Amino acid sequence: AGWRGACSGTGTCTVTMSTAKNVTASFNRSNLVIGIARPGSGSGTVSSTPTGINCGATCTGTYGLSTAVTLTATAGTASRFVRWIGSNCSSTSSTCTLPAGAADQTVAAYFAGASVAAGYGHSVALTRDGMVWAWGDNEFGQLGNGTTTDSRVPVRVSNLSGVIAIAAGGYHSIALKSDGTVWTWGDNGQGQLGSGAWTDNSLIPVQVSGLTGVVAIAGGGYYSLALKSDGTLWAWGDNEFGQLGNNDTADNNIPVQVSGLTGVITISAGDHHSVALRSNGTVWTWGKNWLGQLGSGTLNDSLIPVAVSGLSRVIAIAAGSAHTLALKSDGTVWAWGDNGYGQLGNGTTSYDPNPVPVPVSSLTGVIAIAAGNAHSIALKSDGTVWAWGNNYYGQLGDGTTSYYDPNPVPVQVSGLTGVIALAGYRHSLALKSDGTVWAWGLNNYGQLGSTTSSTTPVQTLGTGGTGF
């Protein structure tokens with residue numbers, strides 16, 4: 001754009017030094033860069049006019065500043081488009097136009113459809129008809145079928161229909177209905193059900209108090225998050241380390257607004273830390289930080305959101321127990337926090353904290369990510385699944401187990417293709433495009449939906465041994 005100070009104009013600047021002089025160089029932005037995030041439970045593609053984005057495969061596009069760009073969302077099989085969220089897109093129409101001169105941004109296209117979620121010892125699945133099923137540990141009623149009996153086969157969650165998204169906390173479960181209300185069940189020791197009660201666990205879904213207009217949910221260890229269509233973020237439950245983000249450490253049994261954070265397009269929750277992706281492609285975190293899982297460059301806990309250092313153009317996020325993942329629009333994955341089992345995927349293992357993002361080794365073309373207790377999972381555009389980190393229970397799915405020799409670089413999960421969604425804790429879950437659920441890893445409560453543990457994917461089976 002030009003020089004100011006000891007130089008002027010737009011050409012080469014030559015300064016003859018006799019005394020101290022100030023020179024400022026100004027640059028004009030020449031391009032508009034758009035990234036596409038596809039959170040939500042369903043599948044679908046986003047394309048652009050002019051061409052450049054086909055996400056699907058290419059989730060970022062670069063356009064001239066004088067160009068208006070129209071985005072079109074097309075739902076996948078047995079999915080439906082819900083809405084856009086972004087600086088210039090916030091509607092339920094299948095098309096959205098970013099005007100000429102718009103700022104660089106990430107736009108979220110929410111699709112509703114089948115999905116999976118993993119708690120500490122239970123699994124949850126949303127089927128294409130809007131029904132929710134759960135299996136595994138049920139000590140606190142987290143399976144939602146009115147009992148506290150564990151189940152090695154999926155059981156239907158009671159009194160719940162019209163669901164468009166699910167999430168699992170440590171010992172509780174969460175569902176988002178198409179009317180924008182949120183429903184929870186299971187453990188409520190820290191108010192994580194959001195019902196206004198403190199200690200009453202619920203064996204069936206109860207509605208979260210005073211919360212409407214929600215478009216996304218996440219479950220932490222003992223707390224819950226919800227994103228509203230206006231880009232504001234709400235939280236409830238355990239707040240010992242500030243993971244509710246309201247500049248306090250008091251637990252809350254009804255939703256409170258996360259402080260100073262707007263323009264959020266997707267969220268994730270770890271054991272004791274929270275993560276949000278904003279429409280400008282930056283990542284913000286808060287809560288516990290003893291292993292650097294906030295990515296702020298320090299090890300200080302934070303009661304309010306702080307920006308992750310040096311990270312931009314992000315389109316997806318995932319929070320593990322004490323590590324965090326981010327997927328950039330170029331298909332690369334970045335990680336920070338705990339790396340004691342190689343869950344950062346950078347070829348090393350270390351119990352020293354990692355408070356800044358590092359790239360995951362030899363991994364490109366990624367379209368979705370998930371983070372477990374101490375392992376990480378990625379889905380590539382070719383439908384293959386890759387995993388790294390702790391493999392004590394076979395949760396990497398490559399047919400091996402190892403406690404003292406974890407895998408600090410990605411390995412391919414054996415025999416698994418056509419995957420559209422992932423989840424994990426000490427076990428791993430994958431949803432295939434044909435609607436079947438596959439699982440591997442720890443199975444002490446039946447969370448795989450089978451009778452034994454497995455180091456490779458096995459299909460979760462329903463009552464009578466039929467496929468689920």
Side-chain angles (χ1 to χ4, degrees), residues 116-120 168 218 220-221 266 268-271 273 275 277 283 285 291-295 308 311 314-328 331-351 353-381 384-398 400-403 405-414 416 419 421-431 438-442 455 457:
V116 288
Y120 288 173
T266 189
S268 188
D271 278 0
H273 76 291
V275 191
L277 172 62
V283 178
T285 55
L291 291 169
Q293 58 263 52
L294 300 191
V308 174
L311 202 58
V314 173
I315 61 172
I317 51 177
S321 286
H323 74 291
T324 312
L325 305 177
L327 170 62
K328 297 187 69 171
T332 61
V333 180
W334 294 70
W336 57 97
D338 183 18
N339 197 34
Y341 294 95
Q343 57 263 54
L344 302 191
N346 67 336
T348 70
T349 57
S350 172
Y351 289 103
N354 288 267
V356 295
V358 296
V360 175
S361 300
S362 306
L363 195 63
T364 58
V366 175
I367 60 173
I369 50 176
N373 168 253
H375 78 293
S376 305
I377 321 170
L379 170 63
K380 297 186 70 170
S381 57
T384 60
V385 178
W386 297 73
W388 59 99
N390 188 11
N391 198 32
Y392 184 69
Y393 303 105
Q395 58 264 55
L396 301 191
D398 67 342
T400 69
T401 59
S402 176
Y403 182 78
D405 188 22
N407 287 269
V409 294
V411 295
Q412 186 172 352
V413 175
S414 299
L416 197 60
V419 172
L422 298 167
Y425 193 72
R426 289 188 177 95
H427 65 296
S428 302
L429 300 172
L431 172 68
W438 296 73
W440 59 99
L442 183 63
T455 60

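Values in this document were obtained by computation on a predicted structure and should not be read as measured data.
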So how far is it from [X] [atom1] to [Y] [atom2], rounded to the nearest 0.5 Å?
X    : Y    : atom1 : atom2 : value
T266 : L277 : OG1   : CG    : 6.5 Å
L327 : T332 : CG    : OG1   : 7.0 Å
T324 : N354 : OG1   : CG    : 11.0 Å
D271 : N373 : CG    : CG    : 7.0 Å
L396 : T455 : CG    : OG1   : 10.0 Å
S362 : W388 : OG    : CH2   : 11.5 Å

Considering non-hydrogen atoms only, spot the tightest contact between [X] and [Y] and give its length.
X    : Y    : result
G320 : A371 : N-CB, 3.4 Å
P357 : G295 : CD-O, 4.4 Å
H427 : G119 : CE1-O, 3.6 Å
I377 : S428 : CD1-OG, 3.7 Å
V413 : P457 : CG1-CG, 3.5 Å
A378 : L422 : C-CD1, 3.8 Å

### Message
If the condition is side-chain hydrogen bond (donor to acceptor under 3.5 Å, both in side chains), which residues does Q343 pass it with, not counting sequence neighbours?
### Response
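Applying side-chain hydrogen bond (donor to acceptor under 3.5 Å, both in side chains) to Q343 gives D338.
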Within the side chain of [X], is there an N or O that forms a donor-acceptor pair under 3.5 Å with the backbone of [Y]?
X    : Y    : answer
W336 : Q293 : yes
W440 : Q395 : yes
S361 : V409 : no

### Message
Using the ring-ring contact (aromatic ring centres under 6.0 Å, His included) criterion, which residues pair with Y392? Sequence neighbours excluded.
### Response
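Y392 satisfies ring-ring contact (aromatic ring centres under 6.0 Å, His included) with Y403 once adjacent residues are dropped.
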### Query
By side chain to side chain contact (heavy atoms under 4.5 Å, CB included), which residues pair with T400, not counting sequence neighbours?
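By the side chain to side chain contact (heavy atoms under 4.5 Å, CB included) rule, T400 matches N391, D398.
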### Ring geometry between Y341 and Y351 (parallel below 30°, tilted from 30 to 60°, perpendicular above 60°)
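Ring orientation, 0 to 90° scale: perpendicular.
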